Amino acid sequence: MAGAGTHLRLERCSSVIGGPVFRGPGVALLYHRRGTIMADRGFEKVARDLSSDFSALRDDVRKLTNLVSDLASDQADTTRSSVKGAMDRARDRFSSTADRFTSQASDVADRFTSHASDVADRFTSQASDVGERVRGAGHEIESRIERNPMTAIMIAIVGGLLIGAMSRSRR
């Protein structure tokens, strides 16, 4: 009986017009020149055994295919999780960097605003001081003119003559 792991021993016993005939225990095979094999009834058992072996082999290949598919799917899931984790870490780092940049930019803007405000306050204060001095000088000139009108007239005449002399020399 031929089963898995056993070999069927065939011996060449004769030749016929179609090709050689091989015989073994319970089997007679005729190998035809065109590549076809003809067998007697004992060959049917061997054919059934081969068929069940091929069926078992097909099942094993299907199981192996499913196992490889599951392994590839698990590996893809692991890779996907790893990539997602790396992307999450990168996003967190970028967000942290962006937050630090925003905070530093805000600090710079606050310092600039404070400095600009200080400059504006100093300018306003100095402008106010200059305005007060000009008004004070104007009041002092008015009071001197009122106290010494002749001196004021003389200063105005001399100033007019100087301006006239300077404008003639340019012509």
Side-chain angles (χ1 to χ4, degrees), residues 1-8 34-37 44-171:
M1 222 192 294
T6 62
H7 296 283
L8 183 62
R34 292 189 186 129
T36 58
I37 297 176
E44 290 177 9
K45 168 116 175 66
V46 173
R48 279 192 304 268
D49 289 345
L50 283 175
S51 176
S52 70
D53 287 347
F54 277 122
S55 185
L57 184 61
R58 255 187 258 117
D59 288 342
D60 288 345
V61 169
R62 183 177 34 79
K63 288 176 186 175
L64 182 60
T65 301
N66 289 338
L67 182 64
V68 169
S69 174
D70 291 344
L71 181 63
S73 177
D74 290 346
Q75 185 63 37
D77 289 343
T78 301
T79 302
R80 187 179 306 115
S81 296
S82 179
V83 168
K84 185 180 182 309
M87 288 181 66
D88 288 344
R89 287 189 299 276
R91 185 181 318 118
D92 291 344
R93 286 181 189 154
F94 180 75
S95 177
S96 173
T97 302
D99 289 345
R100 277 186 279 149
F101 178 75
T102 302
S103 175
Q104 290 173 353
S106 177
D107 290 346
V108 168
D110 289 345
R111 279 188 252 145
F112 179 75
T113 302
S114 174
H115 186 64
S117 177
D118 290 345
V119 168
D121 289 345
R122 277 190 256 144
F123 180 73
T124 303
S125 173
Q126 289 175 355
S128 176
D129 289 346
V130 168
E132 290 294 323
R133 287 181 189 163
V134 168
R135 278 190 285 270
H139 289 301
E140 188 174 327
I141 291 173
E142 279 181 34
S143 67
R144 282 189 182 186
I145 291 173
E146 287 176 4
R147 280 182 279 153
N148 301 317
M150 289 310 275
T151 306
I153 292 173
M154 292 305 254
I155 290 174
I157 291 173
V158 170
L161 289 175
L162 286 175
I163 291 174
M166 287 191 321
S167 67
R168 275 197 190 138
S169 65
R170 288 191 183 178
R171 287 187 196 172

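Predicted model, so just to flag it, every value in this text is computed and none were measured.
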**Side-chain donor/acceptor of S69 to backbone N/O of T65, under 3.5 Å** = no
**Prompt:** Does the side chain of V119 come within less than 4.5 Å of R122's, by heavy atoms?
**Reply:** yes
**Request:** Would you give the length of the straight line joining atom CD of E140 to atom CZ of R147, rounded to the nearest 0.5 angstrom?
**Result:** 7.5 Å
**Asked** Atom OG of S55 and atom CG of D60: how far apart are they, to the nearest 0.5 Å?
**Response** 9.5 Å
**Message:** Under 4.0 Å between a side-chain nitrogen and a carboxylate oxygen: does that hold for R80 and D77?
**Reply:** yes
**Asked** Does any N or O in the side chain of T102 come within less than 3.5 Å of the main-chain N or O of A98, such that one atom is a donor and the other an acceptor?
**Response** yes
**Request:** Would you please test R62 and D59 for side chain to side chain contact (heavy atoms under 4.5 Å, CB included) and show each step?
**Result:** CA-CA 5 Å; R62 183 177 34 79; D59 288 342; 3.0 Å; yes
**Item:** Residue of the set I157, I163, V158 for which side chain to side chain contact (heavy atoms under 4.5 Å, CB included) holds with L161
**Value:** I157
**Message:** Treating T78 as the side-chain partner and D74 as the backbone partner, does any N or O pair qualify as donor plus acceptor under 3.5 Å?
**Reply:** yes
**Message:** Is it the case that the side chain of T113 and the backbone of A109 share a donor-acceptor pair, with hydrogens and angles ignored and the cut-off at 3.5 Å?
**Reply:** yes
**Request:** Enter the distance from I153:CD1 to I145:CD1 here, rounded to the nearest 0.5 Å.
**Result:** 9.5 Å
**Message:** Using only atom types and a distance under 3.5 Å, with no angle test, would you say the side chain of S95 pairs donor to acceptor with the backbone of R91?
**Reply:** no
